Amino acid sequence: RWLVIYSKSFTCATVCGYPISIFFIVVNEFCERFSYYGMRAVLVLYFKYFLRWDDDFATTIYHTFVALCYLTPILGAIVADSWLGKFKTIVYLSIVYAVGQVILAVSAIHDITDANKDGTPDNMSFHIALSMVGLILIALGTGGIKPCVAAFGGDQFQDHQEKQRSTFFSIFYLSINAGSLLSTVITPILRGQECGIHTKQKCYPLAFGVPAALMVVALIVFIVGSRMYNKTAPQGNIMVKVCKCIGFAVKNRFKHRAPQYPKRDHWMDWAEEKYDKLLIAQVKMVLKVLFLYIPLPMFWALFDQQGSRWTLQATTMDGDFGLLVIQPDQMQTVNPILILILVPIVDSVLYPLISKCKLNFTPLRRMTVGMFLAALAFVAAALVQIQIDKTLPTFPSSTVGQAKFINMLNNPLPIKAGSNGFTLNAFKANEDYLTFDKPFELQLGVRDTYHTTIQNGTRNTIVIIQNGPHLEPKAFSDITAKPEQGANAMRFLNGFASALNVTVGNQDFGLIVTNNMSDYVAVPQGDAQFKIRNNAQECVYSQKLGFGSSFTIIIPSTFAFGPNCDSSIQSVVDIRPNTIHMAWMIPQYFLITAGEVVFSVTGLEFSYSQAPSNMKSVLQAGWLLTVAVGNIIVLIVAEAATLSDQWAEYILFASLLVLVCIIFAVMAYFYTYIDPTKVEAQFAQNKPEEKKRKSLEMACKDSFKHDKEDRRSSDSSSDEEEAKQTKI
């Protein structure tokens with residue numbers, strides 16, 4: 001009675017022919033995808049710059065998380081179909097999801113354990129533990145609801161609303177891409193802000209907090225529409241049934257492996273003793289497609305590196321596009337933008353054009369082309385990486401040390417360092433660092449000589465100053481890596497007669513005494529205005545900064561406050577800025593996105609066309625499983641490969657995908673396309689005949705049984721008669 005009443009209200013609650021309930025579902029999906037992709041966009045940089053993990057370990061944990069996100073949908077589908085139903089599963093796991101997002105945001109607050117207020121957490125283990133708990137809950141939540149939301153949206157339509165249901169899925173897919181696009185633009189901007197109670201740092205709490213808030217909004221919106229939903233009761237999970245059928249077939253075949261048992265056409269036929277022939281035929285069709293899935297994880301191994309390796313590659317590039325400055329993690333937005341452009345072009349222009357040329361461009365051939373395009377994308381990434389490597393400085397290994405010399409005298413100075421001889425002009429430095437593998441004699445001018453040792457694995461700046469009648473070297477430690485997050489490491493060398501205070505924006509270099517060097521300060525890209533103060537006097541020095549550079553700014557002894565005070569200030573390049581532009585990454589993004597459009601969309605279409613009507617969810621789970629396995633491949637290669645050059649790793653992945661692509665092409669060549677509806681219809685026609693045959697067999701058996709019993713009774717009566725006659 002309740003179901004009938006609910007159905008009537010459900011039918012009436014429509015807008016433009018669509019159930020009102022789907023609007024809540026679409027908004028929920030938009031917010032959830034914004035939450036997931038926003039968090040994921042900055043995740044690898046959070047690992048590297050906040051948790052201080054190296055590139056390989058950050059990549060490993062990132063892909064472990066993504067793999068977990070694509071393994072849990074199987075669990076979510078089983079729970080929804082067999083136990084809780086889709087609505088309750090979405091609500092309960094969304095709560096888990098939101099809690100995970102909040103925990104991750106809290107883990108990024110550096111002030112929680114920053115007791116000495118230096119901007120660095122004192123108990124990093126606490127932050128790592130919180131992060132891992134948060135990520136596990138997020139993986140459980142996002143993966144668990146992934147197979148439920150779209151299916152739950154489809155449940156809101158009645159049988160006569162096929163057209164509306166089809167449009168809903170298009171809008172649903174659009175909401176996913178809209179959420180992904182907006183989040184990958186906004187969250188890197190939020191990360192780039194500076195926040196903190198005691199010290200200002202990159203604002204990861206805000207970058208994770210906004211996605212967490214969106215997930216809470218997604219949950220509230222979904223619950224608000226509760227009374228409008230058409231909630232179907234769980235009817236058992238076909239995936240479990242398929243697994244049981246396969247398990248029984250394997251077990252039964254193993255029991256009857258002896259030669260005396262006759263062979264059967266297919267190993268799944270050994271399930272006939274327990275399962276219906278139609279189900280067995282459907283499982284055969286599914287297994288045929290799943291067999292083709294075996295090579296597919298390699299594609300996802302390359303595709304999902306957009307959020308890890310490619311983001312790290314962007315940190316060593318120039319993101320200045322003139323009107324706007326692109327953050328490294330914002331380059332991922334190129335993918336959803338290109339998807340929105342390429343999908344209609346490929347569907348409406350490219351495929352019809354190929355069809356008119358009478359080329360048999362089958363779905364499996366399309367997928368092969370998609371894999372090849374992804375391999376080409378990684379070749380393009382390798383070529384870009386080679387160019388980047390040419391611009392990177394050569395940092396000292398553990399067996400050598402490096403040094404640069406600055407002349408703080410107001411006259412040229414001849415210097416001999418070991419076997420290296422050169423002359424430095426006043427307030428100048430030598431252009432490149434010199435490398436030393438052992439102690440050396442440092443001769444300054446003609447009179448002063450010093451026995452000098454450079455510690456292995458370090459970079460140093462040796463400043464030559466006047467100390468009475470003698471020249472004296474003074475060593476300062478330099479950074480031995482590119483500045484983080486595209487910032488510029490700046491420091492000041494004070495040769496002025498009195499102490500100076502230097503600031504840039506709200507950052508302070510501190511009080512710099514005469515003939516001393518300040519600490520490094522990270523200054524963002526753009527026009528930097530440095531304010532040099534001495535009591536009431538002030539001088540402003542301007543310098544245009546790019547990405548990832550390091551400078552030592554010399555304030556010479558000839559410096560004087562007043563007009564044109566900055567003309568005597570000298571700037572020494574310690575690390576050159578990034579010179580390879582991020583625009584060079586667009587070709588690799590174009591190739592990988594084109595590969596995704598041809599591979600992913602076609603793969604799902606092919607899978608659905610070759611799957612039985614009641615086993616679409618099984619193939620969906622298998623498809624998601626290939627994504628998970630692909631991410632596992634990345635973390636294995638990242639940990640196992642001992643390649644020192646990143647471009648070589650890109651070529652390795654491209655080569656593996658080309659090899660897999662060839663294998664897949666051979667498998668596709670021998671694949672025979674089928675029409676599952678015809679196979680199912682054939683079994684449906686055979687079913688009445690099968691029932692009739694079985695009933696005839698039963699009737700024959702019963703008749704035979706009755707005849708046998710009659711014969712036995714007649715035999716027994718004749719035996720009794722004979723016995724009587726014998727007695728007589």
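Computed from a prediction, not measured in an experiment: that's the story for all the values here. Note: hydrogens, waters and symmetry copies are ignored here, and every other heavy atom, side chains too, is used. All residue numbers in this chain count up from 1 along the given sequence.
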Shortest non-hydrogen pair, Ala374 vs Leu657, comes out as CB-CD2, 3.6 Å
TODO: For residues Cys203 and Leu190, determine if any side-chain heavy atom of one lies less than 4.5 Å from a side-chain heavy atom of the other.
DONE: no
Contacts satisfying salt bridge (Lys or Arg N to Asp or Glu O under 4.0 Å) that involve residues 334-344 (not counting sequence neighbours) are none
Exactly one candidate in Leu302, Val660, Leu376 meets side chain to side chain contact (heavy atoms under 4.5 Å, CB included) with Met371; the answer is Val660
Between Leu93 and Gly144 the two heavy atoms that sit nearest each other are CD1-CA, 3.4 Å
Between Pro352 and Val346, the two heavy atoms sitting closest are CD-O, 4.2 Å
Nearest heavy-atom approach of Met367 to Gly603 is SD-CA, 3.6 Å
Contacts satisfying salt bridge (Lys or Arg N to Asp or Glu O under 4.0 Å) that involve residues 280-302 (not counting sequence neighbours) are Asp269-Lys284
*So, does Ser180 use its side chain to make a donor-acceptor pair with the main chain of Ile176 at under 3.5 Å?*
no
Interatomic distance, CG@Leu635 vs OG@Ser308, rounded to 0.5 Å, equals 10.5 Å
Residue pairs passing the salt bridge (Lys or Arg N to Asp or Glu O under 4.0 Å) test with at least one member in residues 174-195, sequence neighbours excluded, are Arg191-Asp329
Does the Thr315 side chain pair with the main chain of Leu312, one donor and one acceptor, at a distance under 3.5 Å? yes
Note to self: Would the distance check show the side chain of Thr333 and the main-chain N or O of Gln330 forming a donor-acceptor pair, the cut-off being under 3.5 Å?
What the structure shows: yes
Contacts satisfying ring-ring contact (aromatic ring centres under 6.0 Å, His included) that involve residues 128-155 (not counting sequence neighbours) are Phe152-Phe222, Phe152-Tyr229
With sequence neighbours left out, the residues meeting salt bridge (Lys or Arg N to Asp or Glu O under 4.0 Å) with Lys86 are Asp155
Rounded to the nearest 0.5 Å, the CD1 atom of Ile90 sits from the CG atom of Leu219 at a distance of 11.0 Å
query = Would Thr59 and Val634 count as a side chain to side chain contact (heavy atoms under 4.5 Å, CB included) if you check the C-alpha gap in whole Å, the side-chain angles of each, and the deciding distance to 0.1 Å?
reply = CA-CA 8 Å; Thr59 301; Val634 178; 4.2 Å; yes
One should read off an interatomic distance between Ile339 CD1 and Asn335 CG, to the nearest 0.5 angstrom, of 4.5 Å
Review point. How are the rings of Phe299 and Phe303 set to each other: parallel, tilted or perpendicular (split at 30° and 60°)?
Key: parallel
Notebook entry, point to check: Is it true that the NZ or CZ of Arg366 lies under 6.0 Å from the centre of Tyr351's six-membered ring and within 45 degrees of the ring axis?
Noted result: yes
Hits for salt bridge (Lys or Arg N to Asp or Glu O under 4.0 Å) against Arg309, two or more places apart or cross-chain, chain-then-number order -> Asp56, Glu649
CG of Leu43 to CD1 of Ile138, rounded to nearest 0.5 Å, is 8.0 Å
query = Within the side chain of Thr72, is there an N or O that forms a donor-acceptor pair under 3.5 Å with the backbone of Leu68?
reply = yes
The reported gap from CZ in Phe599 to SG in Cys661 (rounded to nearest 0.5 angstrom) is 9.5 Å
Is there a side-chain contact between Glu596 and Leu342, using heavy atoms and a 4.5 Å cut-off? no
**Asked** Could you walk me through whether Gln313 and Gln305 pass the side-chain hydrogen bond (donor to acceptor under 3.5 Å, both in side chains) check?
**Response** CA-CA 11 Å; Gln313 184 183 52; Gln305 289 189 57; over 6 Å; no
**Report entry** Under 3.5 Å: donor-acceptor pair, side chain of Asp304, backbone of Asn631
**Finding:** no
When every non-hydrogen atom of Pro211 is compared with those of Ser35, the smallest separation belongs to O-OG, 2.8 Å
Report yes if some heavy atom in the side chain of Trp53 is under 4.5 Å from a heavy atom in the side chain of Thr60; otherwise report no.
no
Has Ser183 got a side-chain atom pairing as donor or acceptor with Gly38's backbone, closer than 3.5 angstrom? yes
Is Phe664 atom CZ crowded by more than 12 heavy atoms from other residues, nucleotides or ligands, each under 6.0 Å away? yes
For Lys88, the salt bridge (Lys or Arg N to Asp or Glu O under 4.0 Å) test, sequence neighbours excluded, returns none
Do Phe606 and Tyr671 have their ring centres less than 6.0 Å from each other?
yes
Residue set satisfying salt bridge (Lys or Arg N to Asp or Glu O under 4.0 Å) with Lys48, at least two apart, ordered chain then number -> Asp55
Can a donor-acceptor pair be found, under 3.5 Å and without considering hydrogens, that links the side chain of Ser348 to the backbone of Ile345?
no
Between Ala271 and Ala249 the two heavy atoms that sit nearest each other are CB-CB, 3.9 Å
| Steps toward side-chain hydrogen bond (donor to acceptor under 3.5 Å, both in side chains) verdict (Thr311, Gln306) | CA-CA 6 Å; Thr311 300; Gln306 292 176 81; over 6 Å; no
Ring pair (Phe, Tyr, Trp, His ring centres under 6.0 Å) filter on Phe378, not counting sequence neighbours, yields Trp310, Tyr650
Residues at least two apart in sequence or cross-chain that pass ring pair (Phe, Tyr, Trp, His ring centres under 6.0 Å) with Phe34, listed by chain then number, are none
| Do the side chains of Pro363 and Tyr673 get nearer than 4.5 Å, heavy atoms only? | yes
Would you please say whether a donor-acceptor pair under 3.5 Å links the side chains of Gln156 and Ser21? yes
What about the rings of Phe208 and Tyr46, do their centers lie closer together than 6.0 Å? yes
Contacts satisfying side chain to side chain donor-acceptor pair (under 3.5 Å) that involve residues 132-151 (not counting sequence neighbours) are Glu32-Thr142, Arg33-Thr142
Hits for ring pair (Phe, Tyr, Trp, His ring centres under 6.0 Å) against Phe321, two or more places apart or cross-chain, chain-then-number order -> His581
| query | With distance as the sole test, does Thr593 use its side chain to make a donor-acceptor pair with the main-chain N or O of Phe590 at under 3.5 Å? | reply | no
